[in-house]
Amino acid sequence: MSAPMPVESIATAQSVLHPAGPDASIIADFAWVLFGGGALIFIGVMALLVLAVRRRPEPVNARRWIVGAGFAFPVVVLSILLVWSTWRSAELTPQTSKGAITVGVTAKMWWWEVRYHDPASGRQIASANEIRIPVGRPVYIGLTSSDVIHSLWIPALNGKMDTVPGRVTGLTLRADKPGVYRGQCAEYCGEQHARMALHVVAMPQDEFDRWLAKEAQPAASTAGAPNEQLLERGRAAFLQQRCQACHTVRGIGDTGGVEALAENALLGPDLTHIGSRLHIAAGTLRNHRGTLAGWVADPQAIKPGARMPAAADLDGETLHALAAYLEHLK
Ligand code: CUA
């Protein structure tokens with residue numbers, strides 16, 4: 001057994017005010033300067049207003065006030081802001097895949113398909129709703145959508161980027177320290193827009209390399225597991241329920257016949273390593289046997305409108321076995 005991942009114990013952050021990467025820090029600086037400056041100017045204007053109301057009418061040099069406060073002041077302030085923000089923006093990580101690790105993300109109603117490049121085999125590895133990245137390195141997220149416009153936003157790491165059907169957009173993420181950073185679809189995309197979240201898990205480079213190598217492996221075998229019988233029952237239920245019509249589990253079948261379906265099995269998230277993800281249903285629920293069983297039993301009760309139908313004909317024992325099997329797919 002490998003050591004438990006430390007990142008799982010770190011509190012999840014979803015806040016622009018707690019930046020965890022260089023780009024998010026620059027954006028936070030902009031926000032604070034604009035907020036602070038705006039607040040000072042607002043206080044100044046209010047103070048002038050109080051003075052104007054309280055004082056007895058005296059002749060003032062109206063022309064001087066109009067030119068000074070109404071023209072010169074905003075021109076000076078806005079010019080300083082323009083120069084400063086242009087200078088700071090130059091420090092933002094370039095939005096390019098050059099020299100960066102590339103991860104493909106396709107937004108769907110209402111979840112995120114995530115694809116990694118496996119350096120060992122050159123193949124794509126599919127996952128969902130969780131983007132794992134190494135700490136301290138730029139990761140270029142190549143974005144598209146397969147249905148409507150969504151928007152990827154991980155506030156602690158960078159600004160937003162729309163995902164547009166038929167187009168590829170990009171966003172570079174860089175995390176300074178290990179952690180779990182929650183993100184959210186930031187463009188209204190239908191009924192379950194609010195439950196279209198995802199998590200970015202930033203981990204040390206060597207840990208990330210090990211994780212990616214494991215992710216490239218086919219699904220865990222049930223052979224030799226202490227609860228092998230239960231897991232086998234769950235695996236049989238998975239096949240019987242035709243789950244693989246929409247979900248890929250690489251290596252689940254005894255023969256190649258089942259895997260042939262995998263070509264078309266892109267409707268739902270790839271489940272080859274579902275057990276290792278922190279959440280299910282696009283950030284909606286923590287991932288464990290209980291939530292997995294609840295989700296399979298009645299996804300519509302949790303996320304009405306989601307594509308996944310209920311497994312209404314499963315009895316409790318079989319459901320438990322199926323959930324145990326999915327949990328086993330680390
Ligand atoms: Cu996808 Cu909102």
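Values below: all heavy atoms of this structure, side chains included; hydrogens, waters and symmetry mates excluded.
- Criterion: ILVMFWY side-chain heavy atoms under 4.5 Å apart, direct or through other members. Under it, Tyr181 and Met203 are part of a common hydrophobic cluster.
- A donor-acceptor pair shorter than 3.5 Å cannot be found between the side chains of Ser127 and Asp270.
- No more than 12 heavy atoms of other residues, nucleotides or ligands shown are found within 6.0 angstrom of CZ on Arg123.
- Under the 4.5 Å side-chain heavy-atom criterion for ILVMFWY residues, a single connected hydrophobic cluster contains both Ile141 and Ile125.
- Looking at Leu239 and Ile252, their side chains come closer than 4.5 Å, going by heavy atoms from C-beta outward.
- Contact of the His273 side chain with the Leu329 side chain is not registered, since no non-hydrogen atoms from C-beta on lie closer than 4.5 Å.
- Other residues sharing a hydrophobic cluster with Trp65 under the 4.5 Å side-chain heavy-atom criterion for ILVMFWY residues are Leu48.
- For the pair Arg277 and Glu130, the salt-bridge criterion is not met [side-chain N within less than 4.0 Å of a carboxylate O].
- Linking Ile, Leu, Val, Met, Phe, Trp and Tyr whenever their side-chain heavy atoms come within less than 4.5 Å leaves Leu40 and Val75 in two separate clusters.
- Side chain to side chain, Thr318 and Arg233 meet the donor-acceptor criterion of an N or O pair below 3.5 Å.
- With Asn129 contributing its side chain and Glu113 its backbone, the two residues share no donor-acceptor pair below 3.5 Å.
- The two residues Ala156 and His18 make their nearest non-hydrogen contact at CB-O, 3.8 Å.
- Residue-environment remark: CD (Gln240) stays at or below the threshold of 12 foreign heavy atoms within 6.0 Å.
- Among all heavy-atom pairs drawn from Pro134 and Ile101, the shortest one is CG-CD1, 3.3 Å.
- Judged purely by atom type and a 3.5 angstrom limit, Thr163 has no side-chain atom pairing as donor or acceptor with the backbone of Ala107.
- Looking at Val103 and Arg115, their side chains never come closer than 4.5 Å, going by heavy atoms from C-beta outward.
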- Message: Leu81 vs Leu34, test: side chain to side chain contact (heavy atoms under 4.5 Å, CB included). Steps then yes/no.
- Response: CA-CA 9 Å; Leu81 270 179; Leu34 290 176; 3.8 Å; yes
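- Taking both residues in full, the closest heavy atoms of Pro119 and Leu212 are given as CD-CD2, 3.7 Å, listed atom of the first, atom of the second, then distance.
- To the nearest 0.5 Å, atom CG of residue Leu92 and atom CG of residue Asn158 are 7.5 Å apart.
- The ring pair (Phe, Tyr, Trp, His ring centres under 6.0 Å) pairs that include a residue from residues 96-136 are Tyr116-Trp211, where partners are two or more places apart or lie in different chains.
- In plain terms, the two heavy atoms of Leu322 and Val296 that are nearest each other are CD2-CG1, 3.8 Å.
- For the pair Met308/His247, a side-chain contact is recorded, criterion being any heavy-atom separation below 4.5 Å from C-beta on.
- Between Pro22 and Asp176 the shortest heavy-atom distance is CD-OD1, 3.4 Å.
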- For Thr222 and Glu232, what are the C-alpha separation, side-chain angles and deciding distance, and is it a side-chain hydrogen bond (donor to acceptor under 3.5 Å, both in side chains)? CA-CA 7 Å; Thr222 58; Glu232 262 310 302; 2.6 Å; yes
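- Of all non-hydrogen atoms in Tyr140 and Ser97, the two that sit nearest each other are CD2-CB, 3.5 Å.
- In this structure, the side chain of His193 engages the main chain of Glu187 through a donor-acceptor pair within 3.5 Å.
- Side-chain contact check for Ser145 and Arg167: no donor-acceptor pair (N or O, by modelled atom type) lies under 3.5 Å.
- Counting heavy-atom neighbours within 6.0 Å of Gln229 CD, excluding the residue itself, gives a total of 12 or less.
- The existence of a salt bridge linking Lys108 and Asp147 is excluded, since no basic side-chain nitrogen approaches an acidic carboxylate oxygen closer than 4.0 Å.
- Contact annotation: the side chain of Gln184 never approaches that of Ile154 to less than 4.5 Å [non-hydrogen atoms, C-beta and beyond].
- In this structure, Val16 is a member of the same hydrophobic cluster as Trp32, with clusters built from ILVMFWY side-chain heavy atoms closer than 4.5 Å.
- Of the inter-residue distances, the one linking Ser276 atom OG with Lys214 atom NZ reads 6.5 Å to the nearest 0.5 angstrom.
- Val135 and Val201 end up in different hydrophobic clusters when Ile, Leu, Val, Met, Phe, Trp and Tyr side chains are linked at under 4.5 Å.
- Without hydrogens or angle criteria, Thr96 side chain to Lys98 main chain gives a donor-acceptor distance under 3.5 Å.
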- Message: Working note: Leu173 + Leu171, criterion side chain to side chain contact (heavy atoms under 4.5 Å, CB included); need CA distance, chi angles, decisive distance, verdict.
- Response: CA-CA 6 Å; Leu173 300 178; Leu171 182 70; 4.1 Å; yes
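- A salt bridge is absent between Lys160 and Asp23; no separation between the charged side-chain nitrogens and carboxylate oxygens falls under 4.0 Å.
- By the 4.5 Å heavy-atom criterion applied to side chains, Arg210 and Asp206 are counted as neighbours.
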- Message: As a quick check of understanding, evaluate side chain to side chain contact (heavy atoms under 4.5 Å, CB included) for Gln192 and Met109, giving each step before the final call.
- Response: CA-CA 8 Å; Gln192 291 302 333; Met109 293 162 82; over 6 Å; no
